[in-house]
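When reading the values below, keep in mind they use all heavy atoms of this one structure, side chains included, and skip hydrogens, waters and symmetry mates.
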Amino acid sequence: MSPEPPYVVEDCRGTLQLMSDGTVRRSAELPAVFLVDVPDGDLGVEWRDVTYNQEHDLNARLYQPRHLGAANDARLPVVAYFHGGGFCIGSGRWPCFHAWCLRLASELPAVVLSFDYRLAPEHRLPAAQEDGATAMSWLRSAAASDPWLAGAADFSRVFVAGDSAGGNIAHHVAARFGKTGLGPPVRLRGSVLLMSAMAGETRTRAELECPPDAFLTTKMSDTYIRLMLPDGATRDHPAINLTGPEAPGLEAVAMGPILVVAAEHDILRDRNTHYVKRMKEWGKEVELVEFAGAQHVFFVVDPWSGRADELVRLVKKFVVDHMDTE
């Protein structure tokens with residue numbers, strides 16, 4: 001009798017499938033929702049790809065505006081960016097994330113370094129957070145050795161940012177290194193968490209009341225969590241429950257200001273709000289902005305929308321307000 005052929009156990013938007021025999025299938029075809037338009041022009045931004053970690057073949061896409069400022073001689077703040085995708089899918093080379101980083105580089109303006117990281121289930125957490133730390137170490141080395149960046153980037157004005165899973169990585173980077181833990185010339189001035197991925201054992205109201213047509217549903221989030229967590233871990237694992245019972249306190253860590261952006265119709269809204277409350281209790285400077293009527297990562301799905309325009313302006317103000325604060 002021939003063995004039963006493997007069947008799909010878990011599916012992430014058709015891009016990733018975990019099979020019954022433990023194998024992982026990844027499709028080269030992206031979900032249609034992430035195939036956004038990228039303008040024929042480059043918004044006045046130059047970009048190139050590099051490998052920042054040879055061991056794991058991890059890439060980064062580097063962006064810098066062609067004209068640095070009014071005098072064309074001022075170096076710009078740096079945004080280290082991590083894409084979303086539930087820790088399971090995604091790449092900075094996907095059109096949606098590429099378009100968003102083009103906008104940030106052009107309109108802040110800033111030098112944007114968009115880092116990929118290892119994905120689950122092949123590499124379960126905390127692999128992604130470890131890669132975030134490796135990316136920042138590469139950034140420190142690049143500050144001293146990369147001529148393409150040297151003339152444009154002010155590495156004493158670094159912000160770490162990300163959406164969804166990438167926002168989670170941004171938190172871990174900021175908490176790990178604080179303002180000055182990377183050493184000169186790098187200084188982390190702040191972090192931008194855009195609908196950051198978080199979870200916990202106890203369901204929130206937003207998770208319980210999530211409609212089935214949401215961009216990120218509770219069912220979909222549960223799939224990501226099953227695939228991302230280490231074997232035997234609960235949803236309170238500190239890699240994903242950032243302020244939960246197993247997470248280390250951050251009272252003693254000197255962190256820069258934090259901008260947390262939430263969306264009204266996002267299942268992560270309540271967790272993002274609780275994160276802000278807990279970080280304030282730990283003495284951190286945190287600003288929360290909620291986008292009314294918006295879904296999870298609306299600016300990734302449509303980076304050219306009016307709401308995305310508003311978000312770019314918000315991030316720009318945060319960067320300008322804090323790039324010289326001690």
Side-chain angles (χ1 to χ4, degrees), residues 9-13 16 18 22 82 84-90 117-132 162-176 191 193-212 214-251 253 255 258 260-284 286 288 290 295-297:
V9 176
E10 304 278 15
D11 183 282
C12 294
R13 299 188 184 274
L16 162 68
L18 177 64
F82 299 93
F87 295 105
C88 296
I89 61 175
Y117 47 89
R118 285 173 290 170
L119 299 175
E122 298 96 326
H123 306 282
R124 293 176 180 264
L125 299 184
Q129 288 93 352
E130 292 169 354
D131 292 340
D163 64 273
S164 197
N168 174 295
I169 296 172
H171 161 85
H172 282 282
V173 166
R176 177 167 180 163
S191 50
L193 312 187
L194 306 176
M195 291 145 230
S196 179
M198 305 174 188
E201 281 293 285
T202 304
R203 292 288 196 194
T204 66
R205 180 176 178 180
E207 290 167 350
L208 291 170
E209 297 179 357
C210 176
F215 178 75
L216 177 65
T217 64
T218 302
K219 180 180 179 181
M220 191 182 305
S221 176
D222 288 347
T223 298
Y224 287 134
I225 290 169
R226 286 192 298 271
L227 292 170
M228 74 173 73
L229 284 178
D231 291 340
T234 73
R235 298 163 66 97
D236 280 334
H237 190 287
I240 194 66
N241 191 343
L242 308 183
T243 57
E246 300 177 24
L250 298 176
E251 299 94 335
V253 181
M255 297 171 64
I258 307 165
V260 175
V261 177
E264 180 183 8
H265 298 311
D266 184 6
I267 65 165
L268 297 173
R269 180 198 64 216
D270 295 344
R271 296 202 180 275
N272 293 167
T273 301
H274 176 75
Y275 170 87
V276 170
K277 177 176 180 292
R278 191 72 177 113
M279 293 296 281
K280 286 182 176 180
E281 291 172 352
W282 283 336
K284 310 310 174 200
V286 191
L288 172 66
E290 181 176 307
Q295 291 268 3
H296 185 62
V297 295

[X] [atom1] to [Y] [atom2] distance, which is reported to the nearest 0.5 Å:
| X | Y | atom1 | atom2 | value |
| --- | --- | --- | --- | --- |
| Leu268 | Tyr275 | CG | OH | 13.5 Å |
| Arg226 | Ser221 | CZ | OG | 9.5 Å |
| Leu193 | Met198 | CG | CE | 6.0 Å |
| Arg271 | Thr202 | CZ | OG1 | 7.5 Å |
| Ile258 | Leu288 | CD1 | CG | 11.5 Å |

query: Listed by chain and number, what are the salt bridge (charged side-chain N to carboxylate O under 4.0 Å, His left out) partners of Lys277, not counting sequence neighbours?
result: Glu281
All salt bridge (charged side-chain N to carboxylate O under 4.0 Å, His left out) counterparts of Arg118, not counting sequence neighbours: Glu130, Asp131
Apply side-chain hydrogen bond (donor to acceptor under 3.5 Å, both in side chains) to [X] and list each qualifying residue two or more places apart in sequence or on a separate chain.
| X | value |
| --- | --- |
| Glu201 | none |
| Glu290 | none |
| His296 | Ser164, Asp266 |

Closest non-hydrogen atom pair, [X] against [Y]:
| X | Y | result |
| --- | --- | --- |
| Cys210 | Leu216 | SG-O, 3.8 Å |
| Ser196 | Asn272 | O-ND2, 3.1 Å |
| Leu227 | Cys12 | CD1-SG, 3.5 Å |

Set of side-chain contact (heavy atoms from CB on, under 4.5 Å) partners for [X], sequence neighbours left out:
| X | answer |
| --- | --- |
| Arg203 | Glu207, Leu208, Thr218, Asp222, Arg235 |
| Gln295 | Ala214, Phe215, His265 |
| Ala174 | Val160, Ser191, Met255 |

In a table with atom names and distances, give each donor-acceptor pair under 3.5 Å that connects a side chain of residues 239-249 to protein atoms at least two apart or in another chain.
residue : atom : partner : partner atom : Å
Asn241  : OD1  : Gly244  : N            : 3.1
Asn241  : ND2  : Ala199  : O            : 3.4
Asn241  : ND2  : Asp236  : OD1          : 2.6

task: Return the set of residues passing ring-ring contact (aromatic ring centres under 6.0 Å, His included) with Phe87 (not counting sequence neighbours), or none when no residue passes.
output: none
task: Would you please name every residue forming a ring-ring contact (aromatic ring centres under 6.0 Å, His included) with Tyr224, sequence neighbours left out?
output: none
- prompt: Hey, does Asp163 have a side-chain heavy atom less than 4.5 Å from the side chain of Met195?
  reply: no
query: Would Leu125 and His237 satisfy side chain to side chain contact (heavy atoms under 4.5 Å, CB included), going step by step from the backbone distance to the final call?
result: CA-CA 9 Å; Leu125 299 184; His237 190 287; 5.5 Å; no
